[in-house]
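Indexing begins at 1, ligand by ligand and atom by atom, following the structure's order. Computed over heavy atoms, backbone and side chain alike; hydrogens, waters and symmetry mates excluded.
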Amino acid sequence: MSGNPVFQGWYADPEGIIFDKTYWIYPTYSAKYDNQVFFDAFSSEDLITWKKHERILDTTEIKWARRAMWAPSVIRKDNKYFLFFGANDIQSNDEEGGIGVAVSESPGGPFKDYLGKPLISKFYNGAQPIDQFVFKDKDGQHYLIYGGWRHCNIAKLKDDFTGIVPMADGTTFKEITPDNYVEGPFMFIRNGKYYFMWSEGGWTGPDYSVAYAVADSPFGPFKRIGKILEQDMKIGRGAGHHSVIQIPGKDIWYIVYHRRPLNETDANSRVTCIDRMYFDEQGLIKPIIITKEGVEKQIIK
Ligand code: FUB
């Protein structure tokens, strides 16, 4: 078994993704905001043994980023790897920062600033420009789904990821916020349905958790179905800000998330864990059982 956490160190907001036959996790380095000036990544061939890739991107490369580099989301396009990230934790449209893009020839970096400025630097529909997730739809179109401060937007990415373009109805930033949404959005498709997931509660508190909705389109409407990930006082606290990995071609799913060890009190003591995610016959997600054991070895064929 992998054990949980799957690797050592304080790492939060983990995004798991498979490139070729390798699992990758891109987390936030969980520390004081002023110390969050870089990203490490982790790779594995079997979900058990993880290799650390240090400083795949940092603030010496991103000139406009000073601190609070958060929640990487990585996708491969045209044989390049694009890493979307948040920086500076901006509190108003007068501050510099927001969501940026970096690019690399390899999933393990080094990543370089792609635009030289943020991709999204303002609040739209009340959404703080953080917690980005890049989503590839069935037709190949990429969208950015993002937002803190209890608002979530979806925005259509230009084909070369250099900007945002209007959607068919003329909207540029379309709000898709479901009930109770706080931050940390994630989307995937299963059996043709769009599963939209997000974090609720406060990330420093015991109520941090993950809920979801299902719709026929990435634009919703998303009606909250219920909570599927939360703390278990026998295992860990404040479980949330997750992502989902599917074994290609199989109905085998994992949830990758962070939680706080029971013996830790620091708000940033967040560690990255993986557990299995199951669906019932109706396609509803079963509540996750969080474990200390983690997951079994799984090599991608
Ligand atoms: O890790 C920094 C912030 O904490 C994330 O962006 C939020 O989602 C929360 O997990």
Side-chain angles (χ1 to χ4, degrees), residues 5 7 9-16 25-42 57-59 62 65-74 83-91 95 97-101 118-121 123 126-135 144-153 177-178 180-187 196-212 227 229-231 236-244 255-261 264-273 290:
F7 43 75
W10 288 3
Y11 291 98
D13 317 328
E15 184 172 290
I25 293 180
Y26 298 90
T28 299
Y29 172 61
S30 193
K32 291 188 173 138
Y33 291 4
D34 284 343
N35 296 336
Q36 292 178 311
V37 292
F38 64 89
F39 292 122
D40 294 331
F42 297 83
L57 179 66
D58 66 27
T59 49
I62 309 289
R66 292 179 294 108
R67 67 201 290 256
M69 292 185 88
W70 290 349
S73 180
V74 181
L83 187 155
F84 294 76
F85 61 95
N88 297 356
D89 184 32
I90 65 167
Q91 304 294 302
E95 295 178 35
I99 296 172
V101 195
L119 173 73
I120 301 175
S121 60
F123 287 67
Q128 188 192 26
I130 63 162
D131 285 6
Q132 48 293 315
F133 171 62
V134 58
F135 173 69
L144 203 63
I145 302 171
Y146 75 93
W149 289 15
R150 300 181 174 274
H151 292 274
C152 184
N153 290 334
T177 311
N180 280 14
Y181 174 92
V182 174
E183 59 195 12
F186 190 87
M187 190 176 282
F196 179 43
M197 308 175 81
W198 62 88
S199 290
E200 307 185 338
W203 71 267
T204 57
D207 57 345
Y208 207 48
S209 50
V210 170
Y212 81 110
K227 209 172 262 210
L229 177 74
E230 60 188 320
Q231 71 174 22
R237 288 179 286 125
H241 200 133
H242 77 301
S243 56
V244 169
I255 186 162
V256 186
Y257 63 96
H258 74 239
R259 70 188 191 211
R260 188 162 295 107
E264 297 277 5
T265 51
D266 191 299
N268 286 308
S269 63
R270 300 177 292 176
V271 294
T272 291
C273 301
I290 69 171

**OP:** Could you give me the CA-CA distance, side-chain angles and deciding distance for Gln91 and Asp89, then say whether side chain to side chain donor-acceptor pair (under 3.5 Å) is met?
**Re:** CA-CA 6 Å; Gln91 304 294 302; Asp89 184 32; 3.2 Å; yes
Subject >> Counterpart residues, ring pair (Phe, Tyr, Trp, His ring centres under 6.0 Å), relative to Phe38 (two or more places apart) >> reply: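 Once residues adjacent in sequence are excluded, the partners of Phe38 under the ring pair (Phe, Tyr, Trp, His ring centres under 6.0 Å) criterion are Tyr29.
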Close N/O pairs between ligand 1 and protein, under 3.5 Å:
residue  : atom   : partner : partner atom : Å
ligand 1 : 1 (O)  : Asp13   : OD2          : 2.6
ligand 1 : 1 (O)  : Arg270  : NH1          : 3.3
ligand 1 : 1 (O)  : Arg270  : NH2          : 2.8
ligand 1 : 4 (O)  : Arg270  : NH1          : 3.2
ligand 1 : 6 (O)  : Asp131  : OD1          : 2.5
ligand 1 : 8 (O)  : Asp131  : OD1          : 3.4
ligand 1 : 8 (O)  : Asp131  : OD2          : 2.6
ligand 1 : 8 (O)  : Glu183  : OE2          : 3.3
ligand 1 : 8 (O)  : His241  : ND1          : 2.7
ligand 1 : 10 (O) : Asp13   : OD1          : 2.7
ligand 1 : 10 (O) : Tyr208  : OH           : 3.3
ligand 1 : 10 (O) : Arg270  : NH1          : 3.2

Subject >> Side chain to side chain, Phe42 and Pro27, heavy atoms closer than 4.5 Å >> reply: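 Sidechains of Pro27 and Phe42: in contact.
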Original post:
Does the side chain of Val210 reach to within under 4.5 Å of the side chain of Tyr257, using non-hydrogen atoms?
Top reply: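 Sidechains of Tyr257 and Val210: no contact.
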**OP:** Check the side chains of Glu183 and Tyr208 for a donor-acceptor pair under 3.5 angstrom, ignoring hydrogens and angles.
**Re:**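 The answer is yes; a qualifying pair exists.
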**OP:** Tell me, with the steps shown, if Gln231 and Asp207 meet side chain to side chain donor-acceptor pair (under 3.5 Å).
**Re:** CA-CA 8 Å; Gln231 71 174 22; Asp207 57 345; over 6 Å; no
